[in-house]
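One structure is given below, encoded as structure tokens.
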Amino acid sequence: MTEILGALDLTAGFPGSPPVLDGACVSIRRGVRMALLGQNGSGKTTLLRCLAGALTPIRGTIRANGTALAHDRASLRAHRRLVQLVLQDPDDQLFSADVTQDVSFGPLNLGLGEAGARARVEEALELLAITHLAERPTHQLSYGERKRVAIAGAVAMRPSVLLLDEPTAGLDPAGVAELMATLDGLDTTVVLATHDVDLALSWADEVAVVSGRRVRQGDPSILGDAELLASARLRRPWQLELLHRLGLSANPLPRSVDDVARAIQ
Amino acid sequence: MTEILGALDLTAGFPGSPPVLDGACVSIRRGVRMALLGQNGSGKTTLLRCLAGALTPIRGTIRANGTALAHDRASLRAHRRLVQLVLQDPDDQLFSADVTQDVSFGPLNLGLGEAGARARVEEALELLAITHLAERPTHQLSYGERKRVAIAGAVAMRPSVLLLDEPTAGLDPAGVAELMATLDGLDTTVVLATHDVDLALSWADEVAVVSGRRVRQGDPSILGDAELLASARLRRPWQLELLHRLGLSANPLPRSVDDVARAIQ
Amino acid sequence: MHIAEGFLPPLQCAAWFAVAAPFVIHGGRAVVREARKSPENRLLLAAAGAFTFVLSAIKLPSVTGSSSHPTGTGAGTILFKPPVMAFLGTVVLLFQALLLAHGGLTTLGANVFSMAIAGPWAGYGVWRLFKAAKAPTWLGVFFAMAVANLFTYCVTSLQLALAYPDATTGFLGALAKFLGVFAVTQIPLSIAEGVLGVLLFGFFTRV
Amino acid sequence: MTTYSIDDAAWGSPWRRRRVGEKMLLSLALVLTALLTPPWPGCVAVALFSVFLILGPARIRPSLLATVLVAPLTFLLLGTLPVVIQFGGDGWGVGPLRLTQEGLTTAAGLFVHGIAGTLAIMVLATTTPMIDVLTWLRGVHLPDPLLEVASLTYRLLFLLLATTIAVRGAQQARLGDEATFRRRWATVAATTGSIILRTWDRAARLQRGLEGRGYEDSLVTLAPIRRRSWSFVAMTAVGVSGVWLLCLAAA
């Protein structure tokens with residue numbers, strides 16, 4: 001698979017304070033489901049914002065489809081058609097009076113006509129399973145519903161890469177399960193920042209761990225690497241921890257309770 | 001152990017919509033660590049607010065130290081010395097731009113003098129391990145830090161019962177571990193609302209599950225009850241789920257990875 | 001745009017403080033009364049104050065090249081009446097002086113008079129006038145907000161003209177010059193603030 | 001954003017632990033000196049002394065001070081324009097308007113007064129967070145409810161600004177810049193409206209949260225302990241009287 005989006009030697013942060021990322025590299029292949037792990041404040045959000053073109057790095061390059069992103073207005077516009085970022089707090093994204101209006105904002109800005117935009121809205125609401133919310137005022141929705149509407153707003157732009165910052169934070173187990181099932185239904189590349197290591201192991205094709213201002217990327221088995229996890233202040237997923245305690249092999253990688261049960265029996 | 005706080009036949013909700021709780025009972029014994037589970041919108045927060053005296057129930061009684069709570073001003077004032085509620089969103093509780101000033105608010109309301117209040121603030125900041133934040137502005141703190149300041153504001157009132165609404169939501173694994181260790185260091189009764197079933201199993205002495213507008217209370221082994229969990233839209237903790245799949249007994253109750261490993265070996 | 005620190009002669013600073021003080025004290029009394037009624041009102045008033053501050057940071061499309069910003073006092077004066085706005089406006093101006101270096105402390109009296117007193121009263125007067133004439137609400141909102149904005153800068157020009165009269169034509173010549181710099185350029189922005197008011201009014205009828 | 005930078009600087013300032021009254025005295029004494037003394041040498045001395053204090057003992061980044069000065073400089077440039085150009089008189093000009101020597105002198109003086117005054121205020125603003133000023137005002141017996149409204153305004157302000165900036169960033173990500181003129185207006189209105197609703201909601205939730213903490217009729221808090229520093233007061237006296245002596249000597 002070829003890379004669709006990547007960062008090379010990325011240094012980024014805020015003026016007047018030390019950089020949050022320093023020389024970070026990451027490469028996202030087309031069609032992959034990547035979990036981006038790291039503790040609070042490690043730089044997950046900064047990395048996502050750089051990848052989305054929302055933050056200009058101090059040094060380093062963002063690559064989209066093999067081309068370095070210039071941070072001029074025209075390039076950023078083109079980049080935003082390719083990459084969409086959904087923020088952690090849906091209230092940072094929703095602003096319209098009702099759901100349909102909010103989701104239609106992006107498509108209308110793409111220059112789709114009224115009819116085209118309407119089709120995109122319907123499609124996005126359906127993908128997120130929130131068609132029933134179409135006419136509801138945004139500020140009356142529950143937190144979980146607002147999260148879905150915010151994702152629908154990004155999905156309606158039909159990005160090739162969807163970046164999600166902590167989409168599962170604040171959702172109950174049933175809500176998380178439903179959201180993950182929904183994401184599996186999308187045919188875009190998905191990068192999901194989370195600090196839920198168990199979720200990352202069970203869902204992701206690929207894992208990137210942010211720690212010490214850099215990114216370490218690999219297949220989900222790196223979640224068994226004690227040293228890496230300690231440096232990132234993460235714990236091992238229970239699946240791997242249990243097999244480790246029992247002295248059993250974690251190969252093939254146990255993603256679910258069933259996998260673990262099979263490995264033990 | 002005797003009950004310190006309880007609800008009898010509690011019906012509560014908001015005017016104009018069906019009640020969120022209807023005939024709910026719960027009994028919290030002195031010194032217990034209780035996890036309050038339930039999906040988003042199930043009524044966990046409503047129950048906590050009733051227990052804290054912040055919401056007057058439509059019907060039913062709140063009992064504190066065996067006495068029914070009257071909802072007049074003087075009784076509520078006395079009740080707040082006994083019970084403190086920490087809300088999920090710290091921004092709903094922090095009003096001062098200065099951490100020390102914010103934490104001092106509760107103790108001063110208790111009528112402590114300047115010196116007494118100052119001692120309480122120091123004590124609370126130390127218990128929450130945030131002495132270094134004393135001079136920092138609230139709006140510059142991270143989410144996790146603001147959560148700790150909000151808890152310090154409640155702890156500084158030295159309540160007998162501390163109610164916490166989703167204190168771990170949005171915290172990374174290390175942050176959760178630190179917070180739980182901090183809570184273990186307090187010598188108050190703690191009720192913690194969460195939808196993290198794994199956390200509830202590993203931490204709580206007692207579990208209360210809110211579902212169908214009522215509360216089902218018991219020791220943590222009720223988290224193996226498939227019917228109860230389904231009605232509350234919760235999943236089984238992985239510890240119990242795995243033993244169940246393997247056909248092994250969950251007695252003694254496995255709280256940690258070690259317990260599970262021991263049960264398997 | 002508020003009068004910067006050091007720009008007005010000391011005597012005039014004092015005079016504008018004296019003129020503004022009764023209005024602000026009257027407004028402060030009104031706020032204390034509201035606050036005593038219920039603590040909830042304190043939060044509500046604080047929210048209104050914070051919003052007035054933030055509104056001045058919101059950029060409006062199309063009005064490029066103008067260094068001025070919405071005053072946000074027009075909406076407040078309709079909702080909370082001019083006395084309350086006199087107090088909230090004073091708080092906002094104090095914050096702007098110390099947090100943004102917009103305006104100053106010795107010029108606070110003059111700035112309070114233009115933005116927190118004259119503007120809101122003018123806007124409120126227009127609002128009542130349109131109400132009395134049974135004009136549509138949106139029209140009243142438009143003119144109240146536009147007038148509150150524009151009048152603020154007319155008063156600013158007047159204050160500056162009083163301080164720095166023209167060498168030959170005196171006060172009137174100076175007024176023409178300051179109006180040319182501060183008020184004429186403000187006309188598109190005051191219209192913009194009025195339009196924003198009408199659109200906001202529309203937003204709230206929909207939600 | 002400048003809003004954050006002056007305030008951030010104030011919170012991190014080495015002078016934060018100094019008494020507000022002492023900083024107030026220094027800053028106001030400098031402002032009054034700037035107002036009452038002639039541009040040369042008084043205002044120039046005040047400006048230089050203020051810059052020294054801000055960049056030296058108060059350790060503020062020069063780039064921050066430069067950003068902060070943009071707003072007052074804009075006003076000063078616009079505000080002195082009508083003073084520079086006079087009706088009639090001798091000199092170069094268009095129509096009845098003339099660029100006169102006298103106008104130029106007055107305008108230059110005004111400009112220097114403005115810069116000196118602004119810098120003098122910045123001595124206070126870059127070293128004293130707003131909340132400290134408001135807590136100090138409690139000591140001068142302003143009614144509590146007024147100070148509470150002001151303090152809550154300050155707290156809500158940052159919540160609101162953060163939301164506003166985040167919402168506008170998110171709109172840009174969804175190509176908000178490419179919207180038509182009409183839709184851009186609709187967006188500004190909808191954003192403003194949503195933020196008003198959210199502010200109201202925030203205020204209501206904060207109210208409930210505070211009631212739980214025992215809020216009945218006043219938001220009393222401890223004031224930080226700050227020791228009087230006679231050396232600071234002496235520095236103020238020496239600095240300000242130095243400027244005055246300089247003016248007397250020049251006159």
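- Looking only at atom types and distance, the side chain of B:E3 has a donor-acceptor partner in the side chain of B:S27 under 3.5 Å away.
- A side-chain donor-acceptor contact under 3.5 Å links B:T11 and B:D22.
- Between chain B and the residues D:R155, D:E148, D:R202, the most heavy-atom pairs under 4.5 angstrom are made by D:R155.
- Looking at B:Q84, the atoms closer than 4.5 Å to chain D (heavy atoms on both sides) all sit in the side chain, from C-beta outward.
- Taking the six-membered ring where the residue is Trp, D:F158 and B:H139 present parallel rings, their angle staying beneath 30° rather than reaching 60°.
- D:A223 and B:E114 make their closest contact through O-OE2, 4.4 Å (heavy atoms, listed as atom of the first residue, atom of the second, distance).
- When every heavy atom of D:A179 is checked against every heavy atom of D:R183, the shortest pair comes out as CB-NH1, 3.7 Å.
- The heavy-atom pair separating B:A208 from B:M34 by the smallest distance is CB-SD, 4.1 Å.
- Looking at B:Q88 and B:T45, their side chains never bring a donor and an acceptor atom within 3.5 Å of each other.
- Of the listed residues (B:A154, B:A134, B:P107, B:S96), the one with the most heavy-atom contacts under 4.5 Å to chain D is B:S96.
- Neither the backbone nor the side chain of B:L76 comes within contact range of chain D, judged by heavy atoms closer than 4.5 Å.
- Judged by distance alone, the side chains of D:W11 and D:D7 do bring a donor and an acceptor atom under 3.5 Å apart.
- In this structure, the portions of B:A117 lying under 4.5 Å from any heavy atom of chain D include both its backbone and its side chain.
- With a 4.5 Å cut-off on non-hydrogen atoms, B:V103 touches chain D through its backbone but not through its side chain.
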Criterion side-chain contact (heavy atoms from CB on, under 4.5 Å) on B:F95 and D:T221, from CA distance to verdict: CA-CA 11 Å; B:F95 69 95; D:T221 61; 3.6 Å; yes
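- For the set D:I131, D:D132, D:L152, D:V220, the count of heavy-atom pairs under 4.5 angstrom toward chain B peaks at D:V220.
- Using a 4.5 Å cut-off between heavy atoms, B:D89 contacts chain D through its side chain alone, with no backbone atom that close.
- Residue B:R81: no heavy atom, backbone or side chain, is found under 4.5 Å from chain D.
- Of the two parts of D:L134, neither the backbone nor the side chain holds a non-hydrogen atom closer than 4.5 Å to a non-hydrogen atom of chain B.
- Using a 4.5 Å cut-off between heavy atoms, B:L85 does not touch chain D at all.
- Shown here for D:A116 and D:C43, the closest heavy-atom pair between the two residues is CB-O, 3.4 Å.
- Here D:L219 is the residue among D:L219, D:L159, D:T135 with the most heavy-atom pairs under 4.5 Å with chain B.
- When all heavy atoms of B:G153 and D:R213 are compared, the pair lying nearest together is CA-NH2, 4.1 Å.
- Across B:L55 and B:H71, no two heavy atoms sit closer than the pair O-NE2, 4.1 Å.
- Between chain D and the residues B:M157, B:R77, B:R118, B:R49, the largest count of heavy-atom pairs under 4.5 Å involves B:R118.
- Counting heavy-atom pairs under 4.5 Å between each of B:T138, B:L94, B:T100, B:V121 and chain D puts B:L94 at the top.
- Below 4.5 Å, heavy atoms of chain B meet no heavy atom from residues 45-59 of chain D.
- Of all the listed residues (D:E216, D:Q207, D:E211), the one sharing the greatest number of non-hydrogen pairs under 4.5 Å with chain B is D:E216.
- Ranking B:V83, B:L108, B:L110 against chain D, the residue ahead of the rest is B:L108, based on heavy-atom pairs under 4.5 Å.
- For the pair D:R228 and D:W230, the cation-pi test (distance below 6.0 Å, angle within 45°) is passed.
- One side chain, D:S63 or D:R61, offers a donor N or O that lies under 3.5 Å from an acceptor on the other.
- For B:A97, the parts lying near chain D are the backbone and the side chain together; criterion is any non-hydrogen pair under 4.5 Å.
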